[in-house]
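Notes follow the structure.
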Amino acid sequence: MKTSKLIAALLCASTIVACKSEKKENAKPEVKQEEKAQETQKTYAEISVAQGGEWKDGPRGHMEYSGGTSFKNVSSVKVPENHTDHSWFLRYEGPGWESNKVGYRLYLDWRNAIDIFGKKTDTMVLSEVGQDGFDSYHEPEAWGSDILKVGKGLGIGSIGRLVEDKVLHFREVDSTVASVDNNTEQSTVNVNYFGWKTGDEKIDLKSTLSIKPDKRYTKHTIQPSKAVEGIVTGVIDHGVAYFENESANKKWAYIATYGEQTLIPDDLGMAIFYEVETTAEVKKGESDYLVEFKPTTEPVSFYFLGAWEQEKDGIKNETDFVKYLDGLLEELNSNNTL
């Protein structure tokens, strides 16, 4: 009798163990919260600095950050006095921000231009860009590449000052501080320029660039410390089709270009939406189509965007691009915001 009970108990225990083992085998692997967040993330902003090296005299006559071993993401940075273009200190030369549609980067040096990262994927890619060689992002990759040739211009949506018909960039600045912020609603890059000297004026300028999920456009808000004439934004002129339009209520307008104007080369559309009341003039500059703002110390907001033909489910022709822009203009006409 005791033997029978012992055998039954052993059989029951074996069944329980087998059932637990079967459940474990059939169970789905646990997904960490971080991995879930990465899968659903639709915007991202970062700034990344080199570490492990030191500043040395470079062959081009300015200091360079030499011998850097890696890049480290930081929430904010005060740009070193030694830093200039191609000094190898900031990964892809400044802060970057992206949505699941497109990416942008700001040259955080005297050029102060904004460039476009064309994306073939709807996932976040910036954290890997430029990690395997400082300017490797110029080469086509599975995710996309840097696509805009900026040259001497403003790129798309950056800031300059028009003095005697010449756009001045940020050659003379006392200091520059940049920071980034990421949340579920948007990703943001903040830049504070202190002591920006152009012509006979010296001002501070605050710049806030934010991007939302599923959107191509960046909202750019600027605030000067002094009301000066000639502050401009613009779109680089690559000799392609140019067009403009105004909302039905005459409160908003856009300037735009479309055509073969990438480094690939292939088609790209670019546009700036601006509030008419804040604008002094729209004109053609030496390198850019310009929107000049009225002198003010109040915040001024505008929107800029790039739409690349190789973007996933992207806009493939000029007709569809103009239709897309006019749809955004109608939204501004109705809501006064995007």
Side-chain angles (χ1 to χ4, degrees), residues 32-55 65 68-85 87-117 119 123-132 134-135 137 143 146 157-159 170 173-196 204-213 215 217-223 225 299 301 304:
K32 296 180 180 179
Q33 290 300 316
E34 291 180 2
E35 293 174 353
K36 287 182 179 178
Q38 289 175 357
E39 289 174 2
T40 58
Q41 189 176 7
K42 289 188 174 182
T43 68
Y44 176 64
E46 67 172 8
I47 186 166
S48 191
V49 301
Q51 55 184 352
E54 59 182 335
W55 290 97
Y65 193 80
T69 57
S70 60
F71 288 102
K72 177 184 179 181
N73 276 23
V74 293
S75 59
S76 64
V77 63
K78 181 178 180 181
V79 179
E81 291 183 8
N82 295 327
H83 178 66
T84 185
D85 63 293
S87 58
W88 325 120
F89 177 67
L90 297 173
R91 182 156 60 88
Y92 54 75
E93 302 193 274
W97 61 103
E98 65 179 321
S99 70
N100 49 323
K101 297 284 189 182
V102 65
Y104 302 95
R105 64 178 174 128
L106 169 68
Y107 301 153
L108 204 59
D109 52 56
W110 68 268
R111 297 168 296 173
N112 198 62
I114 293 176
D115 204 343
I116 299 175
F117 284 124
K119 292 176 60 173
T123 59
M124 302 298 98
V125 300
L126 287 187
S127 62
E128 301 302 320
V129 172
Q131 296 279 16
D132 56 345
F134 185 80
D135 56 0
Y137 46 80
W143 64 265
D146 171 273
S158 62
I159 299 299
F170 283 66
V173 182
D174 290 342
S175 64
T176 304
V177 178
S179 64
V180 295
D181 179 62
N182 290 287
N183 58 52
T184 55
E185 295 180 355
Q186 63 183 20
S187 292
T188 303
V189 173
N190 303 290
V191 188
N192 283 282
Y193 305 93
F194 300 99
W196 175 33
D204 300 335
L205 181 75
K206 182 179 180 180
S207 167
T208 303
L209 303 123
S210 57
I211 196 165
K212 294 181 179 180
K215 307 301 181 184
Y217 56 79
T218 290
K219 181 179 182 180
H220 193 175
T221 300
I222 60 171
Q223 186 171 16
S225 63
S301 294
F304 65 84

Interatomic distance, Leu209 atom CG to Gln186 atom CD [nearest 0.5 angstrom]: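 These two atoms lie 11.0 Å from each other.
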With Phe117 via ring pair (Phe, Tyr, Trp, His ring centres under 6.0 Å) - residues at least two apart: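 Checked Phe117 against ring pair (Phe, Tyr, Trp, His ring centres under 6.0 Å); matches are Tyr92, Tyr137, Trp143.
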Distance-only side-chain donor-acceptor flag, Asp109 / Thr84, under 3.5 Å: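 Short answer, no.
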Over all atoms of both residues, closest heavy-atom pair of Asn112 and Ser158: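 Distance-wise, the nearest heavy atoms are O-CB, 3.1 Å.
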Distance-minimising heavy-atom pair for Ala178 and Ile47: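 So the two residues come closest at CB-CD1, 4.1 Å.
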Tyr65 ring center within less than 6.0 Å of Trp55 ring center: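 Yes, the ring of Trp55 comes within the 6.0 Å limit of the ring of Tyr65, centre to centre.
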Is a side-chain N or O of [X] found less than 3.5 angstrom from the main chain of [Y], in a donor-acceptor match?
X: Glu98; Y: Leu126; result: yes
X: Ser99; Y: Lys215; result: yes
X: Thr69; Y: Gln51; result: yes
X: His83; Y: Phe89; result: no

Test side-chain hydrogen bond (donor to acceptor under 3.5 Å, both in side chains) applied to Asn182 and Tyr44, step by step: CA-CA 6 Å; Asn182 290 287; Tyr44 176 64; 5.9 Å; no
Salt bridge (Lys or Arg N to Asp or Glu O under 4.0 Å) against Asp174, all qualifying residues, sequence neighbours excluded: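 For Asp174, the residues satisfying salt bridge (Lys or Arg N to Asp or Glu O under 4.0 Å) (neighbours in sequence not counted) are Lys202.
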Sequence-distant partners of Glu54, salt bridge (Lys or Arg N to Asp or Glu O under 4.0 Å), two or more places apart: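 Glu54: salt bridge (Lys or Arg N to Asp or Glu O under 4.0 Å) contacts with Lys56.
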Aromatic plane relationship, Phe304 with Trp97 - under 30° parallel, 30 to 60° tilted, over 60° perpendicular: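 Rings of Trp97 and Phe304: perpendicular, over 60°.
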